[in-house]
Structure formats: structure tokens, C-alpha cells
Amino acid sequence: AIDRTRRRLRAPWKPGQPGKNTHPPHGRMQRMTTLAIDCGGGGIKGSVLDEAGTMRAHPIRVPTPYPLPTALFVQTLVDLAHQLPKAERATVGLPGMIRHGVVVTTPHYVTRSGPRTRVVPELVEQWEGFDAKSALTEALGMEVRVLNDAEVHGAGVIAGQGLELVMTLGTGLGCAIFAGLLANSSLKPTGIVPGIRVRLRSKVARMASTRYLSSTFSSRISARRSK
């Protein structure tokens, strides 16, 4: 009996098992876990990761609802989080230009029925300047970091040496450039060119232009603040 008990204690804790989604076994120290959500044009995916980046629950995917006002977006993420083990913090990857958790522009969520459909001016007004970080922090009741989705994906795979380019292929083409960042470090404004998402036929040279990105972010944010 003692040997069986020892084997159970040495076995890895799997939060996805029935009855073990929110609490570790008695006497086991709980590690910091992160709710990771990837928001795409066709689907929103989520899972819970431990400090090593290992998934501690089976990923869940729900179709992205359209039309998608900001209130419905927040509620969709809250509903998704309720289906996963409880975490201490969250990271959300959004398509488009994101600055300090604020949406500068997003390509899909401002449309009537999803990618490549008509843009709705009322949705553009809601999304541009939307403080996603504050809204999700309040709704989820935990610390939330909101970044461009390519930045989030890239932070998990870069080596942290030299200048690294990460490109993501999904509904659109995502791009992020890292300069000497460790994969487990905090993203710093001086170490990363903000992630961008463009249509495949856009000019690659314009994507890679740091000056273009900086001026675009500054002008858009200034315009929103002046209203």
C-alpha cells in the first residue's frame, strides 16, 4: 500500500483528469499557471500552461462569432475560460496592431461576417482604441496581457539570440521581429518590432519598415486620444 501511494505521488498531476481541473493533489505545491488564448479570424482557441509552457489541459476551440462587437468578444473569452482549469494569469493574442493592450486596428473583427466580408463602420469605431487589457482584466478577474498574436507565438519559439523573424500563417499573414529576447522574458518595447498582420498581397517591404510601424501607431493613438 505504501509503494502504491508513493507511485501516485510521483505521477505527474494532470489537471484535465476528471475531478482535478482546479485543484492539485493534497500536499502538492501549485505552480503558476497561465490561461493562453489565441484569437483568430475563424476560431478562438484556449488552454492552460504551466511555468514550463506545457499544456495542463486539452485545448478548446470555439468558432469566432460574427458580427463581433467588443462586449461579445469579452464574453466569448470569459465563457471559454470557464471551460478550462482555473489559472492565475492570462495571455491573449489578437490579430492586428496592439499597443500596450490597446487595439490600434484589427482586420477581421470589424467585418459583418468574418474575413473578406464587408467592413462595418460601427465596429471599426468600437475596436479602434479598445482597451482590451483593461476589459479582460476586469472580466476574467486576473492579470491579463494582450499582445499581437504573432508576438505571442514568437515568444514561445525564439532562441533569444540576435535578430529573429517569426511569421504565422493563418487567416492572414502575421509577422513579429525579436531582437535578443529570451523566450521566457517579458516583451520590452526596445526589443521587439510590434507584430503586424497584413493580406498576403501587401508589400513585404512595408511590413518590415520599423519607421512605418512607429508612425502608424503614434498617429492612430494620438487621433483616438484627441476625440
Tell me the closest heavy-atom pair linking Gly41 and His108, and the distance in Å. CA-CD2, 3.8 Å
Any side-chain heavy-atom pair of Val144 and Met142 under 4.5 Å: yes
Residue pair Asp79 / Gln83, side-chain donor-acceptor N/O under 3.5 Å: no
Test side-chain contact (heavy atoms from CB on, under 4.5 Å) applied to Ser113 - qualifying residues, sequence neighbours left out: Thr117
Between Leu84 and Ala57, what is the shortest heavy-atom contact and its length? CD2-CB, 4.2 Å
Working to the nearest 0.5 angstrom, can you tell me the gap between Thr70 OG1 and Trp127 CH2? 6.5 Å
Looking only at atom types and distance, does a side-chain atom of Asn148 sit under 3.5 Å from a main-chain N or O of Ile98, one as donor and one as acceptor? no
Quick check: does any side chain N or O of Glu125 sit under 3.5 Å from a backbone N or O of Pro121, one acting as donor and the other as acceptor? no
Taking atom CG of Asp149 and atom NZ of Lys45, what is their separation to the nearest 0.5 Å? 8.5 Å
Hey, does the side chain of Thr34 reach the backbone of Val48 with a donor-acceptor pair shorter than 3.5 angstrom? no
Under 3.5 Å side-chain donor-acceptor pair for Arg145 and Thr91: no
Would you check, one step at a time, whether the test side-chain contact (heavy atoms from CB on, under 4.5 Å) holds for Phe73 with Val78? CA-CA 9 Å; Phe73 168 78; Val78 170; over 6 Å; no
Would you indicate whether Gln75, at its atom CD, is surrounded by more than 12 heavy atoms from other residues, nucleotides or ligands within a distance under 6.0 Å? yes
Between Leu72 and Pro67, which heavy-atom pair has the shortest distance, and what is it? CD2-O, 3.6 Å
Tell me if a side-chain donor or acceptor on Glu143 pairs with a main-chain N or O of Glu88 at a distance below 3.5 Å. no
Partner of Pro69 by side chain to side chain contact (heavy atoms under 4.5 Å, CB included), out of Val120, Val74, Val110, Leu123: Leu123
Return the CG to CD1 distance between Asp38 and Ile44, rounded to the nearest 0.5 Å. 9.0 Å
Apply side-chain contact (heavy atoms from CB on, under 4.5 Å) to the pair Cys39 and Leu77, showing each step before the final yes or no. CA-CA 9 Å; Cys39 303; Leu77 268 61; 4.2 Å; yes
Point-to-point distance, once rounded to the nearest 0.5 Å, from CD of Gln126 to CG of Leu68: 9.0 Å
State, to 0.1 Å, how close Ala87 and Thr33 come at their nearest heavy-atom pair, and which atoms those are. CA-OG1, 3.3 Å
State, to 0.1 Å, how close Pro59 and Ser47 come at their nearest heavy-atom pair, and which atoms those are. CA-CB, 4.0 Å
Rounding to 0.5 Å, atoms CG (Leu49) and CE (Met55) come to a distance of 7.5 Å
First locate atom CG of Leu165, then atom CD1 of Ile158, and finally report the distance between them rounded to the nearest 0.5 Å. 11.5 Å
Under the salt bridge (Lys or Arg N to Asp or Glu O under 4.0 Å) rule, collect the residues that match up with Asp50, sequence neighbours excluded. Arg56
Carefully, step by step, assess Leu147 and Val92 under the rule side-chain contact (heavy atoms from CB on, under 4.5 Å). CA-CA 6 Å; Leu147 300 164; Val92 177; over 6 Å; no
Compare every heavy atom of Leu94 with every heavy atom of Tyr109, then report the nearest pair and how far apart it is. CE1-CD2, 3.7 Å
